[in-house]
Amino acid sequence: MDDPKRCRAVSLPVIEAPVETPEQIAELRSEIRELSRARNAVILAHNYQRPEVQDAADFVGDSLGLSRQAAQTPAKVIVFAGVHFMAETAAILSPGKRVLLPDLRAGCSLADTITADDVRRWRERFPGYVAVGYVNTTAEVKAELDFCCTSGNVLDVIDAVPANEGILFLPDYFLGCHVRRMRPQRRVEVWEGVCHVHEGIRADAVNAVRARYPDAEVLVHPECGCAGRLINSIGLGELDAQGLHIASTGGMIQLVRERPATRFIVATEVGIVHRMKQAAPGKQFIPADSGAVCAYMKTITLRGVRDALAMDRHHVTVPPGVAARARRAIARMVALG
Ligand code: 13P
Ligand code: SF4
């Protein structure tokens with residue numbers, strides 16, 4: 001089961017190793033602080049960012065949390081330490097602000113699996129269906145949607161669609177499978193896009209780590225290839241659901257804080273481990289797959305953040321007509337709380 005067909009080949013940026021010494025990092029951070037103050041800027045960083053970038057940010061969070069911060073901030077400039085679709089979302093939600101992306105190579109293999117034309121054609125095939133799209137989509141794709149969602153609020157969004165209406169869910173196949181399992185009574189068509197990072201985290205890798213650390217709780221991102229297989233295995237009685245949680249990156253941070261367990265197996269991009277160590281010091285976090293690294297996220301460096309502020313570079317804009325239509329879908333999601 002769960003073998004998506006629309007897995008497009010991706011060409012990834014090369015991941016550069018960090019070159020800064022601790023002194024240089026401290027210097028860059030103080031430059032960033034100065035520039036931020038002078039420019040009335042806020043720095044938002046996703047949970048998958050490099051540790052030193054997370055540490056220099058005003059807010060670190062999941063895609064939903066960062067969308068909310070972007071919508072609320074009184075700052076004039078938003079430096080988005082994340083990927084391009086997230087910076088576009090910030091630009092859509094804050095039309096009067098200047099949104100800077102420190103590196104234009106910060107794309108997303110999942111967002112690349114669907115275009116606005118694809119959505120229009122799909123809607124023609126399923127007239128009357130409500131289109132719900134994950135935030136990992138371009139602004140043009142969002143402009144074709146009825147609702148936006150993130151992995152943190154996907155089920156709330158599905159529940160907000162009237163019960164008799166069919167749903168087109170895009171672009172993530174695994175998140176779509178998660179929706180189908182959690183809401184089996186709903187008619188849900190699922191796009192077959194995948195993220196190359198999460199598609200690579202396999203159930204057998206999770207099980208092997210679990211065998212080594214039987215006391216550990218397992219945290220699985222719903223985009224994971226393994227989430228679908230693990231949930232199926234639970235249904236078949238092959239896997240104990242005890243101690244296994246399916247959660248967004250923000251949900252995972254909450255779980256490591258709140259759960260009494262002291263050891264967690266983390267089945268998502270490994271950048272989140274830095275945030276987990278800060279959220280729950282003294283607990284142990286073991287990546288299910290240490291190769292689960294998003295090369296797009298890692299294009300953002302501390303130097304890149306400093307240069308974006310200093311040179312006012314990589315201004316992300318969305319044409320006003322597209323932004324207005326995309327804003328409707330995002331606003332419906334944000335309004336659900
Ligand atoms: P979250 O919505 O959980 O932050 O995930 C975003 C993402 O890009 C996952 O790869
Ligand atoms: Fe996109 Fe996957 Fe990277 Fe998330 S981890 S930004 S879905 S490529």
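Note that ligands are numbered from 1 as they come in the structure, with each ligand's atoms numbered from 1 the same way. The chain is numbered in sequence order, starting from 1.
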Smallest separation among heavy atoms of L145 and R328, with atom names: O-NH2, 4.4 Å
Which of the ligand 1 atoms, numbered from 1, are nearer than 4.0 Å to a heavy atom of E223: 9 (C), 10 (O)
Donor on one side chain, acceptor on other, T268 and H198, under 3.5 Å: yes
Close-contact set for ligand 1 against D62 heavy atoms, below 4.0 Å: 4 (O)
R263/E217 ion pair, N-O < 4.0 Å: no
Location of contacts on H196 toward ligand 2, heavy atoms closer than 4.0 Å: side chain
Interfacing atoms of ligand 1 (cut-off 4.0 Å, heavy-atom, Y134): 2 (O), 5 (O), 6 (C)
Numbered atoms and elements of ligand 2 in range of E223, under 4.0 angstrom, heavy atoms: 7 (S)
I15: hydrophobic cluster co-members (side-chain, 4.5 Å): V270, V293
Nearest protein heavy atom with distance in Å, relative to atom 7 (C) of ligand 1: N136 ND2, 3.9 Å
Candidates M276, M252, M297, R275 - the one meeting side-chain contact (heavy atoms from CB on, under 4.5 Å) with N47: R275
Any side-chain donor near an acceptor of the partner, E223 and Y134, under 3.5 Å: yes
Under 4.0 Å to a heavy atom of H46 - the qualifying atoms of ligand 1, by number: 1 (P), 4 (O), 5 (O), 6 (C)
Approximate separation, where rounding is to 0.5 Å, of R306 CZ and R33 CZ: 14.0 Å
Pairing residues for R120 by the side-chain hydrogen bond (donor to acceptor under 3.5 Å, both in side chains) criterion, not counting sequence neighbours: D117, E144
Just distance, no hydrogens or angles: give the donor-acceptor pairs under 3.5 Å from side chains in residues 88-97, sequence neighbours left out.
residue	atom	partner	partner atom	Å
E88	OE1	A139	N	2.7
T89	OG1	F85	O	2.8
S94	OG	A70	O	2.7
S94	OG	A90	O	3.3
K97	NZ	T73	O	2.5

Top protein contact for atom 2 (O) of ligand 1, by heavy-atom distance: S63 OG, 2.5 Å
Donor-acceptor side-chain pairing of S109 and D112 below 3.5 angstrom: no
Heteroatoms of the protein, restricted to N/O/S, which lie under 2.8 Å from atom 1 (Fe) of ligand 2: C108 SG
Ligand 1 atoms in contact with S248 (distance to a heavy atom under 4.0 Å): 3 (O)
Ligand 1 contact on E269 by region, counting heavy-atom pairs under 4.0 Å: neither
Distance-only side-chain donor-acceptor flag, D55 / Q278, under 3.5 Å: yes
Test item, N47 contacting ligand 1 (heavy atom, 4.0 angstrom): no
